[in-house]
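Okay, so here's the structure we're looking at.
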Amino acid sequence: MGQAPVVYGQSSRPPRGDYERAGADFTCAQDFAAYTLQDHDTYHRLYERQSALLPGRACQAFIDVLPQLGAKERIPRFEDINEHLSRATGWEIVAVPGLIPEVAFFTLLANRQFPVTDWIRTPQEFDYIVEPDVFHDLFGHVPLLFNPVIADYMQRYGAGGLKAEHLGACEMLSRLYWYTIEFGLIREAQGLRAYGAGILSSSGELQYSVHSPEPQRLPLELARTMRTRYKIDTYQQTYFVIDSFEQLFALTEPDFSQLYDSLRDQPEFAADSTPLLSA
């Protein structure tokens, strides 16, 4: 029997994707034959637009490994990417029909498997899509899985997520994921750059996050990050900045159990709260 769709946050419609195809771990075979010429064209146009915006905005580590995704003219076969990815860092990508439950997600990451939604947005959703699709997951997330430090960080996050689930701390840990892997910024010698997948796969937010004077940009600090709410339907109002991937790895190496306990009774911060309020 297939799995039931998953809904995170508030939504007026159920997630798309054929969950009847999913196994017990929520993975499925990539339905490559189902892609139409229009699907491949949408992927190609998205890839062309985003790759043109990367210089001066994306971190160099991302730019260096982006060619590992293969030809930009069509949606790649996951098995082709895995040939290179498994050799590089021991990771593989697995197809899923859409959003999956937290425990299933954490379990895959802990086993160095990254879930990639296998359907692609419609042309009408070219500029904005509510749910992550194959372009967001592939273009935004997968390249940095070729980076050994990020690869290890992601596995550690998965193992930590399974522990957080038992401790009732998934919301706090999810904010760390949101503000690093999805919407993280890094300070390089040439200036501020993006490494978060949500930024790298968005034409508007890639420019906004790096260059706009509107959002606040704070040094990544675990307690502050885990107390900060986020928005899923607008550009971020707060970004957290690291100095290196090694710093991110070291910062998240300790056990979080005591940190979770210390934060449970602390007030949360709105997405646009200023640093002056973060005592």
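H141 and H136 have perpendicular rings, their planes meeting at more than 60° on a 0 to 90° scale where under 30° would count as parallel.
Taking all atoms of both residues into account, the shortest heavy-atom contact from G161 to C170 is O-SG, 4.3 Å. Heavy atoms only, all atoms of each residue included: P76 and L138 are closest at CG-CD1, 3.5 Å.
A salt bridge links R21 to D118: at least one charged side-chain nitrogen sits closer than 4.0 Å to a carboxylate oxygen.
In this structure, W91 and L109 have side chains that are in contact, with non-hydrogen atoms separated by less than 4.5 Å. Using a 4.5 Å cut-off on side-chain heavy atoms (C-beta onward), S273 and T228 make no contact. In this structure, L259 and M226 have side chains that are in contact, with non-hydrogen atoms separated by less than 4.5 Å.
Geometrically, R74 does not engage Y43 in a cation-pi contact, judged by NZ or CZ lying under 6.0 Å from the ring centre and within 45° of the ring axis. For the pair R224 and F269, the cation-pi criterion (under 6.0 Å, within 45° of the ring axis) is fulfilled.
Every salt bridge (Lys or Arg N to Asp or Glu O under 4.0 Å) that R112 has, sequence neighbours left out, goes to D152. With sequence neighbours excluded, no residue forms a side chain to side chain donor-acceptor pair (under 3.5 Å) with Q190. Listed by chain and residue number, F105, Y157 satisfy the ring-ring contact (aromatic ring centres under 6.0 Å, His included) test with Y177 (two or more places apart in sequence, or in another chain). Partners of Y195 by ring-ring contact (aromatic ring centres under 6.0 Å, His included), not counting sequence neighbours, listed by chain and number: F245. The side chain to side chain donor-acceptor pair (under 3.5 Å) check on Y230 picks up nothing, with sequence neighbours excluded. The ring-ring contact (aromatic ring centres under 6.0 Å, His included) check on F32 picks up Y35, H40, with sequence neighbours excluded.
R227 places no side-chain N or O within donor-acceptor distance of the main-chain N or O of Q266, the cut-off being under 3.5 Å. Side chain of D41 to backbone of Q38: no donor-acceptor contact under 3.5 angstrom is found.
With values rounded to the nearest 0.5 angstrom, I120 atom CD1 is found 10.5 Å from E125 atom CD.
Under the 3.5 Å distance criterion, with hydrogens and angles disregarded, a donor-acceptor pair is assigned to the side chains of W178 and Q236.
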What verdict does the salt bridge (Lys or Arg N to Asp or Glu O under 4.0 Å) test give for R229 and D272, after you've listed the backbone C-alpha separation in whole Å, the side-chain angles of each residue and the deciding distance to 0.1 Å? CA-CA 9 Å; R229 297 191 296 271; D272 59 350; over 6 Å; no
